[in-house]
Amino acid sequence: MLSVYSRHYPPCTSDDLNYKRCRCPKWINGVLGADGPFIRRSAKTRSWEKAEEFKRELEAEYGVKQNGDRESVAVTPEKISVKDAVTRFLNSKRNENLAESTVEKLKTIFEKQFLSWVTASRLNHLEDIRTADLEAFRDTWEDGPLAKKKKQERLVGFFYYGLRLGWIKSNPAVSLGRIRADGPPTDYFPKHEFNQIIDATYIYQPKGWVECRNQATRLRILILLMRWSGLAIRDAVTLERRRLNEKDELFLYRAKTGNPVYVPLPSELAELLRTIPPGPCPNPRYFFWSGNGSAKSVVGNWQRSFRRLVKIANLQREDGTAKRCHPHMLRDTFAVEMLLAGVPLEQVSILLGHKSVKITEKHYAPWVKARQELLAANVRKAWTVLQSGAKKSRRKQPQRVKTA
């Protein structure tokens, strides 16, 4: 059986032979037929889809040769229902040990939304779906631009899965138009706004809690932890006590990426964590979580508490409108303040637990202090060149001597 793989070259950073979204050359290797010769040859393309077509042509030509028939025979992919394809795709993703939240998002997209739309459109088999059909499916989406973009990427991945297994001849999702999702620039809490949030915790009155006498204090400590550690809210809420060592340093692995995070904490904050008052259902293993229920549920509870808190803080923009606030801005505040203090971008990327410095640069590049200083110096240098050029042009030209 033949298979397609990528031969990666710089500047491509992937080392996965099955990675198909890069523009590296595609090759084919494997055994032709059941007991044919082993081959390894270039597909002479950088497109995974075209390489798959070339692979099928090789298999068809070998089949014709074996049967003594010189006429070309098309390779017919296995017919599979959309429902079976979705089931096998989700099982494959579970076997990849993806995060539970990622699998839940895939189930929502394909089991609830995609299968419902397929049933209503009477498209029974995967090979019956065309690009025009997927455009009609995309028209039903009511998400924001970024959510639509992510959903389309997952749709492309689903059809690539079917293409790799030979269920379809081409990927209809790759022809969908690109969705632009240029969101607003990264925002953060300057010092005076952060102080407003902390002050609001002293007048915060929680709602809907069996025991709420300690909730305002616990919320204040959680906010301080996220601000000075750069942890995302899920990592902060599910933080285990053993992750804080005697040197006031945190070491843990991010729930989203699995990347290690190591960051020191101010001694005052470390002491607040060690002496944090108990919640409604104390658990000696965690600072903020009782350990009951799912992490997603407890994160939702703390997010609602934060939304009520920022309403009390009443943060406003310069034009008097309410500032849109969310817990992740505390992580952004940590990163921006580090960059403005002159910490290199590469080190901030490590502190945030990003997989690549490119992710950090994408969100925080405008805040890099060294880059700002270099740009400002170049602009001032340009002023000097322009001013010296203007002075030269204003010099008096020598008068011509008239001759009789």
Side-chain angles (χ1 to χ4, degrees), residues 99 101 186-191 193-195 197-198 201 217-277 279 283-289 291 295 298-299 302-303 305-306 309 325-372:
S101 57
T186 300
D187 201 357
Y188 76 111
F189 297 121
K191 188 174 181 180
E193 291 184 349
F194 182 76
N195 290 337
I197 295 174
I198 294 299
T201 61
T217 303
R218 290 168 61 82
L219 180 59
R220 179 166 60 254
I221 296 174
L222 177 65
I223 291 172
L224 289 169
L225 172 64
M226 294 176 64
R227 159 63 184 88
W228 292 105
S229 68
L231 292 179
I233 186 168
R234 180 188 176 98
D235 296 313
V237 168
T238 59
L239 182 65
E240 300 180 14
R241 291 178 179 269
R242 64 187 179 91
R243 297 299 182 181
L244 179 63
N245 64 22
E246 64 278 0
K247 296 181 180 180
D248 300 339
E249 298 164 340
L250 284 180
F251 181 78
L252 68 151
Y253 292 88
R254 287 202 66 200
K256 181 178 180 180
T257 62
N259 284 14
V261 174
Y262 172 81
V263 60
L265 296 180
S267 57
E268 298 84 358
L269 174 57
E271 187 61 27
L272 286 174
L273 282 171
R274 293 190 180 98
T275 59
I276 186 171
N283 187 325
R285 180 179 174 183
Y286 302 99
F287 290 110
F288 301 98
W289 187 22
V298 70
V299 168
W302 284 103
Q303 286 175 330
S305 297
F306 183 82
L309 179 67
C325 304
H326 51 84
H328 202 79
M329 289 174 64
L330 295 167
R331 177 173 167 86
D332 295 332
T333 301
F334 169 81
V336 170
E337 294 287 359
M338 284 289 167
L339 292 170
L340 292 178
V343 180
L345 187 70
E346 295 77 12
Q347 294 182 16
V348 174
S349 179
I350 295 173
L351 291 170
L352 293 174
H354 284 163
K355 283 187 174 181
S356 169
V357 71
K358 292 182 180 179
I359 300 174
T360 317
E361 187 173 15
K362 175 183 176 182
H363 295 287
Y364 303 112
W367 305 101
V368 179
K369 185 177 181 180
R371 189 173 300 180
Q372 292 174 343

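Numbering starts at 1 and runs along the sequence shown.
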Report task. First locate atom CD1 of I197, then atom OG1 of T201, and finally report the distance between them rounded to the nearest 0.5 Å. Result -> 10.0 Å
Requested in this report: State the CZ-CG distance between R243 and L252, to the nearest 0.5 angstrom.
Outcome: 6.5 Å
Query raised in the report: Looking only at heavy atoms, what is the nearest atom pair of F189 and C325, with distance?
Result: CE2-SG, 3.7 Å
**Report entry** L222 and its side chain to side chain contact (heavy atoms under 4.5 Å, CB included) partner, picked from L231, L330, V237, T217
**Finding:** V237
Requested in this report: State, to 0.1 Å, how close N245 and R274 come at their nearest heavy-atom pair, and which atoms those are.
Outcome: O-NH2, 2.9 Å
Query - Pairwise distance NE2(H354) to NZ(K362) - rounded to 0.5 angstrom - result: 10.5 Å
Query - Interatomic spacing from CD in E346 to CD in E361 - rounded to 0.5 Å - result: 8.5 Å
Query - Residues Y364, D332; criterion side chain to side chain contact (heavy atoms under 4.5 Å, CB included); working and verdict - result: CA-CA 8 Å; Y364 303 112; D332 295 332; 2.5 Å; yes
Query raised in the report: For the atom pair CD1 (I223) and CZ (F194), what is the distance rounded to the nearest 0.5 Å?
Result: 7.0 Å
Report task. Report the relative orientation of the aromatic rings in F288 and W302; use parallel for angles under 30°, tilted for 30 to 60°, perpendicular for over 60°. Result -> perpendicular
**Report entry** Donor-acceptor contact below 3.5 Å, side chain D235 vs main chain T238
**Finding:** no
Query raised in the report: Between OH of Y188 and CG of L339, what distance do you get to the nearest 0.5 Å?
Result: 11.0 Å
Query raised in the report: Do Y286 and V298 come within less than 4.5 Å of each other through their side chains, counting heavy atoms only?
Result: no
Query raised in the report: Would R241 and I276 satisfy side chain to side chain contact (heavy atoms under 4.5 Å, CB included), going step by step from the backbone distance to the final call?
Result: CA-CA 11 Å; R241 291 178 179 269; I276 186 171; 3.8 Å; yes
Query raised in the report: Taking the side chain from R331 and the backbone from L352, do they hold a donor-acceptor pair closer than 3.5 Å?
Result: yes
Query raised in the report: If every non-hydrogen atom of L219 is compared with every non-hydrogen atom of L309, which pair is closest and at what distance?
Result: CD2-CD2, 3.9 Å
Report summary line: Here the pair of heavy atoms bringing I221 nearest to P277 is CD1-CD, 4.3 Å
Query raised in the report: Are any side-chain N or O atoms of T333 and backbone N or O atoms of M329, one a donor and one an acceptor, separated by less than 3.5 Å?
Result: yes
Report summary line: Heavy-atom nearest pair, S349 first then S356, reads OG-O, 3.6 Å
**Report entry** Side-chain touch L244/F287, heavy atoms, less than 4.5 angstrom
**Finding:** yes
Report task. Check whether any side-chain heavy atom of I198 lies under 4.5 Å from a side-chain heavy atom of R220, and answer yes or no. Result -> yes
Query - Worked check of side chain to side chain contact (heavy atoms under 4.5 Å, CB included) between V263 and W228 - result: CA-CA 9 Å; V263 60; W228 292 105; over 6 Å; no
Query raised in the report: Given L265 and S229, is the side chain to side chain contact (heavy atoms under 4.5 Å, CB included) satisfied, shown in steps?
Result: CA-CA 7 Å; L265 296 180; S229 68; 3.8 Å; yes
Requested in this report: Write down the atom of M226, the atom of P327, and the distance for their closest heavy-atom approach.
Outcome: CE-O, 3.4 Å
Query raised in the report: Going by heavy atoms in the side chains, are M338 and Q347 under 4.5 Å from each other?
Result: no
